[in-house]
Amino acid sequence: MTIKVILVDDHLVVVRGLKFFLNTQADIEVVGEAEDGEKALKCYEELKPDVVLMDLMMPVMDGVEATKKLRERYPQAKVVVLTSYSDQDHVIPALQAGAVGYQLKDVDPDELVKTIQAASIGEKLLHPKATNLLLEQMNGNGGNKKPDVHFKLTKREKDVLYHITLGKSNKEIASDLYITEKTVKTHVSNLLSKLQVHDRTQAAIYAMKENLFTERSEN
């Protein structure tokens with residue numbers, strides 16, 4: 001099924017380049033464009049895309065505010081931020097606003113495609129710098145430390161969690177572990193519940209914070 005995407009960026013050269021590249025992908029179609037956050041809201045309402053590729057620094061309404069309003073009006077909206085900024089003042093507000101992906105404009109084109117594909121099915125892919133900032137934020141919130149429940153995970157759930165920390169998709173995990181993608185989804189759902197986190201990104205951050213796989217990484 002084709003993933004319908006709208007591009008939100010006030011730089012025409014960027015929009016044209018992205019549109020040309022993304023339309024060469026068999027499963028992606030750029031169906032609309034907007035030059036600021038306010039127009040992005042109208043564009044989304046008219047076109048109901050699967051994914052919104054959102055810049056942050058724009059006139060009228062910036063990307064963070066636009067993402068927040070989109071998610072309030074359309075909880076199913078999936079926003080991937082594509083920006084030049086990788087500092088805490090941009091990354092954290094964007095993710096708190098509801099973005100499901102965060103990539104920098106120098107990202108490898110294939111990685112951007114993977115991020116859009118992941119977002120379309122509700123999975124998060126973040127630039128490593130964004131992930132690191134999230135981890136630092138969690139480490140700074142000592143009072144919000146998650147309970148030590150990882151011992152409750154089954155061996156297979158731990159295997160799946162380990163592959164999640166490597167940034168692999170459900171399909172890739174299924175192939176690596178020789179199980180079905182449906183089984184992977186079941187394991188992911190179970191481990192999210194046990195770790196008391198909301199999504200794969202938080203699960204991966206928890207695993208890294210608690211050094212659950214230090215030995216595997218060193219081997």
Open item on the list: For K48, is the NZ atom crowded, meaning more than 12 foreign heavy atoms sit under 6.0 Å from it?
Closed with: yes

Open item on the list: Tell me the closest heavy-atom pair linking V100 and A119, and the distance in Å.
Closed with: CG2-CB, 3.6 Å

TODO: May I ask you to decide if the ring planes of Y74 and Y44 are parallel, tilted or perpendicular, using 30° and 60° as cut-offs?
DONE: tilted

TODO: With side-chain contact (heavy atoms from CB on, under 4.5 Å) as the test, would you mind laying out the steps for V8 and L53 before giving the verdict?
DONE: CA-CA 6 Å; V8 186; L53 201 57; over 6 Å; no

Task: Spacing of NZ belonging to K185 relative to CG belonging to N190, to within rounding of 0.5 Å - done: 14.5 Å

Task: Whether over 12 other heavy atoms sit under 6.0 Å from K68 NZ - done: no

Task: T183 and T180: side chain donor to acceptor below 3.5 Å - done: yes

Open item on the list: Distance check, rounded to the nearest 0.5 Å: T67 atom OG1 versus M61 atom CE?
Closed with: 10.5 Å

Task: Pairwise side-chain contact, I116 with L22, heavy-atom cut-off 4.5 Å (strictly under) - done: yes

Task: Joint hydrophobic cluster, L7 plus L104, side-chain heavy atoms closer than 4.5 Å - done: no

Open item on the list: Could you report the tightest heavy-atom contact between A207 and T165, atom names first, then the distance?
Closed with: CB-CG2, 3.7 Å

Task: Within-4.5 Å side-chain heavy-atom neighbours: V64 and Q96 - done: no

Task: Residue list, side-chain hydrogen bond (donor to acceptor under 3.5 Å, both in side chains) with S175, at least two apart or on another chain - done: none

Task: Student check: side-chain heavy atoms of L82 and D55 closer than 4.5 Å - done: no

Open item on the list: Suppose we screen for side chain to side chain contact (heavy atoms under 4.5 Å, CB included). Which residues come up paired with D89, at least two apart in sequence or across chains?
Closed with: D87

Open item on the list: Quick check against the 3.5 Å criterion: does E45 have a side-chain atom that pairs as donor or acceptor with the backbone of K42?
Closed with: no

TODO: Report whether L18 and V79 are members of the same hydrophobic cluster (ILVMFWY, side-chain heavy atoms less than 4.5 Å apart, transitive linking).
DONE: no

Open item on the list: Rounded to the nearest 0.5 Å, what separates atom CE in M58 from atom NZ in K39?
Closed with: 11.5 Å

Open item on the list: Return the CG to CD1 distance between L191 and I164, rounded to the nearest 0.5 Å.
Closed with: 5.0 Å

- [ ] Applying side-chain contact (heavy atoms from CB on, under 4.5 Å), run through D199 and Q202 and close with a yes or a no.
- [x] CA-CA 6 Å; D199 56 46; Q202 291 182 1; 3.4 Å; yes

Open item on the list: Whether the side chain of K124 engages the backbone of G122 through a donor-acceptor N/O pair (distance < 3.5 Å, no angle test) should be reported.
Closed with: no

Open item on the list: What I'd like to find out is whether the side chain of H187 reaches to under 4.5 Å of the side chain of L161, using heavy atoms alone.
Closed with: no

- [ ] Flag the pair K69 and E65 as a salt bridge only when some basic side-chain nitrogen lies within less than 4.0 angstrom of an acidic carboxylate oxygen.
- [x] yes

Task: Nearest atoms (heavy-atom pairs only) where E111 meets L125 - done: OE2-CD1, 4.4 Å

- [ ] Measure the spacing between CG of L112 and CG of D106 and express it to the nearest 0.5 Å.
- [x] 11.0 Å

TODO: Begin from the C-alpha positions of L166 and I173 and carry the test side-chain contact (heavy atoms from CB on, under 4.5 Å) through to its verdict.
DONE: CA-CA 10 Å; L166 300 179; I173 295 173; over 6 Å; no

- [ ] Kindly indicate whether the side chain of H90, heavy atoms from C-beta on, has any atom under 4.5 Å from the side chain of T83.
- [x] no

Task: Verify same cluster id: V5, I121 (apolar side-chain graph, 4.5 Å) - done: no

Task: Side-chain ion pair, D176 and K168, N-O less than 4.0 Å - done: yes

- [ ] Give the intermediate values and the outcome of salt bridge (charged side-chain N to carboxylate O under 4.0 Å, His left out) for residues D159 and K155.
- [x] CA-CA 6 Å; D159 290 338; K155 181 181 183 304; 3.3 Å; yes

Open item on the list: When you compare the side chains of R200 and N170, does any donor N or O come within less than 3.5 Å of an acceptor on the partner?
Closed with: yes

Task: Under 4.5 Å side-chain linkage, directly or through intermediates, the cluster mates of V13 - done: none

TODO: Considering non-hydrogen atoms only, spot the tightest contact between L70 and A77 and give its length.
DONE: O-CB, 4.3 Å

TODO: With V160 as reference, evaluate L153, T154, V188, T186 under the side-chain contact (heavy atoms from CB on, under 4.5 Å) test and give the passing residue.
DONE: V188

Task: Nearest-0.5 Å distance, CG of residue D36 to CE of residue M57 - done: 13.5 Å

Open item on the list: Could you see if V80 belongs to whatever hydrophobic cluster contains V30? Use Ile, Leu, Val, Met, Phe, Trp, Tyr and a side-chain cutoff under 4.5 Å.
Closed with: yes

TODO: Could you note down all residue pairs passing side chain to side chain donor-acceptor pair (under 3.5 Å) where residues 23-32 supplies at least one of them, sequence neighbours left out?
DONE: D27-Q117

- [ ] Write down the atom of S169, the atom of E172, and the distance for their closest heavy-atom approach.
- [x] N-OE1, 2.9 Å

Task: Minimum-distance pair of heavy atoms, taken over all atoms of A94 and V81 - done: CB-CG2, 4.0 Å

Open item on the list: If hydrophobic clusters are built from ILVMFWY residues whose side chains come within less than 4.5 Å, do M54 and I3 share one?
Closed with: no

TODO: List in chain and number order the residues that pass side-chain hydrogen bond (donor to acceptor under 3.5 Å, both in side chains) with D9, two or more places apart in sequence or in another chain; answer none if no residue qualifies.
DONE: H11, K105

Task: Counterpart residues, side chain to side chain contact (heavy atoms under 4.5 Å, CB included), relative to L47 (two or more places apart) - done: I6, V31, C43, P49

Open item on the list: I'd like to check V113 versus F21 (side-chain heavy atoms, cut-off strictly below 4.5 Å). Are they in contact?
Closed with: yes

Open item on the list: Set out, in order, the CA-CA distance, both residues' side-chain angles and the distance that settles side-chain contact (heavy atoms from CB on, under 4.5 Å) for E35 and V15, then state yes or no.
Closed with: CA-CA 9 Å; E35 62 190 30; V15 171; over 6 Å; no

